[in-house]
Amino acid sequence: MQITLTQPDDWHLHLRDGEMLKAVVGSTAEHFGRALIMPNLVPPVVTGNDALDYKKRIEQAIKDTGANPAFKPLMTLYLTETTQADDVVEAAKAGIIIAVKLYPAGATTNSASGVTDIKNVMPVLSAMAEHGVVLCVHGEVTAGDIDIFDREARFIETVLEPLRSELPELRIVMEHVTTKDGVDYVKSASKNLAATLTTHHLMINRNHLLVGGIRPHYYCLPIAKREVHRQALVSAACSGDERYFLGTDSAPHTRSSKESECGCAGVFNAANTMVCLASVFEEADALDHLEAFASLNGPKWYGLEPNSGTITLQKTSMKTPIPERIPVEDDWVIPFDPARDIYWQVL
Ligand code: NCD
Ligand code: ZN
């Protein structure tokens, strides 16, 4: 069996910078036409100029490493409490960025410059609503007394719903949704709300992370939830509903920074996302909706044309190996182990 799809895009990707960028960019460029590049560098990508410079560094890394030159990075800005509305609107009008990313301060890797209170960024968000600039949100509250498994659901109630009532014209993507609450909330919205779903949250639940030993390579944020939530994510992805699309959240860290006393959050799934998705959609008997999820719904939301190329996935009789670990300086990045046997390859 083989299926051919419009070439996919990744609507949530961490490429990092420097040596890490060079090490990982080829894994995404090999299969994807475009990717929405997360701005959580240290220091973060805050201004239109920062985004332009970062885009040039990505393009240079593509050249230097011989990665697929047709791959296009689409840039975002990191929303801080000192972000200027004019700078955001100008960067969007100039085509430098297509979205702004909201990280609640302290929610995840490199989010220290994020937003402590949504009220502090309302002028920027109003300007974005007025000019149709998309807001991508890391939807977790950060208060110390909120259980880590409840942080997404609490964000919906206490931040997202009030924000959407106040600014109904703001176009929002709930990034890497990990709960049934999240997919149900998106489903219930009549307009201006979409969600990305990651590869790994479609494949693992919290038992994969914690049963039989702690598996640092499955630790990411938002953290993997119960199986009932994973099943809700699979149903949403496989439904064909245009409000759900792929954002891998591929987030490389070195092996030593993950296998550590205080391991970093992030799963590196860029290299095997497409074969993993084929397996998930096949199991759900929904291979006919894979193209919508991976290649069509995202561009539609962002008002872009789908890619003109295609990708062909073929069923194999031999088990597909997990991609090789990637050397970075004197360390490695360990690719995502999908916790099941995969029998698909990209031709
Ligand atoms: C991301 C990272 O490493 O930058 N980590 C993660 O677990 N997903 C940050 C993020 O998107 O939350
Ligand atoms: Zn991310």
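Just so we're clear, the structure is a prediction, and the values are computed from it rather than from any experiment. Just so you know, these numbers use all the heavy atoms, side chains as well, and skip hydrogens, waters and symmetry mates. Atoms within a ligand are numbered from 1 in the order they appear, just like the ligands themselves.
- Remark: the backbone N or O of Gly309 is not paired with any side-chain donor or acceptor of Asn307 at under 3.5 angstrom.
- Between the side chain of Tyr54 and the backbone N or O of Leu41, no donor-acceptor pair lies under 3.5 Å.
- A heavy-atom distance below 4.5 Å is not found between the side chains of Ile172 and Met128.
- Among the atoms of His138, none of the N, O or S atoms falls under 2.8 Å from the Zn ion (ligand 2).
- Geometry at the Zn ion (ligand 2): OD1/Asp249 and NE2/His14 form an angle of 90°, nearest 10 degrees.
- Near His12, with a cut-off below 4.0 Å to any heavy atom, the atoms of ligand 1 are 11 (O).
- Metal site remark for the Zn ion (ligand 2): Glu175 contributes no N, O or S atom at a distance under 2.8 Å.
- Side-chain N/O atoms of Thr83 and Thr80 include a donor and acceptor closer than 3.5 Å.
- At least one test fails for Lys300 against the ring of Tyr302: distance under 6.0 Å to the centre or angle within 45° of the axis.
- Between Ala265 and ligand 1, an N or O atom pair is found at a separation short of 3.5 Å.
- Using a 4.0 angstrom heavy-atom cutoff, Arg16 counts as in contact with ligand 1.
- Note: no N/O pair closer than 3.5 Å links Tyr219 and ligand 1 by distance alone.
- Close approach of ligand 1 to Cys220 is summarised as follows: ligand atoms under 4.0 Å from at least one heavy atom of the residue are 7 (O).
- Cation-pi geometry between Arg34 and Phe71 is not satisfied (NZ or CZ under 6.0 Å from the ring centre, within 45° of the ring normal).
- Remark: distances from the non-hydrogen atoms of His253 to ligand 1 include one below 4.0 Å.
- On a distance-only criterion, Tyr103 and ligand 1 share no N/O pair closer than 3.5 Å.
- If you look at His201 and His176, their ring centroids are not closer than 6.0 Å.
- Shortest contact from atom 9 (C) of ligand 1 to any protein heavy atom: Thr108 OG1, 3.3 Å.
- The pair Lys315-Glu282 counts as a salt bridge, with a side-chain nitrogen and a carboxylate oxygen less than 4.0 angstrom apart.
- No path of Ile, Leu, Val, Met, Phe, Trp and Tyr side chains, each step under 4.5 Å between heavy atoms, connects Val46 with Leu15, placing them in separate hydrophobic clusters.
- By heavy-atom distance, the residue among Asn40, Asp249, Leu221 lying nearest atom 7 (O) of ligand 1 is Leu221.
- Interface of Gly266 with ligand 1, defined as ligand atoms under 4.0 Å from a residue heavy atom, comprises 5 (N), 6 (C), 7 (O).
- Residue Lys101 places no N or O, backbone or side chain, under 3.5 Å from any N or O of ligand 1.
- Ranking protein heavy atoms by distance to atom 1 (C) of ligand 1, first place goes to His14 NE2, 3.6 Å.
- Within 6.0 Å of atom CG in Asp341, more than 12 heavy atoms from other residues, nucleotides or ligands are found, so the atom counts as buried in its surroundings.
- Of all the atoms in ligand 1, the ones that sit under 4.0 Å from a non-hydrogen atom of His138 are 12 (O).
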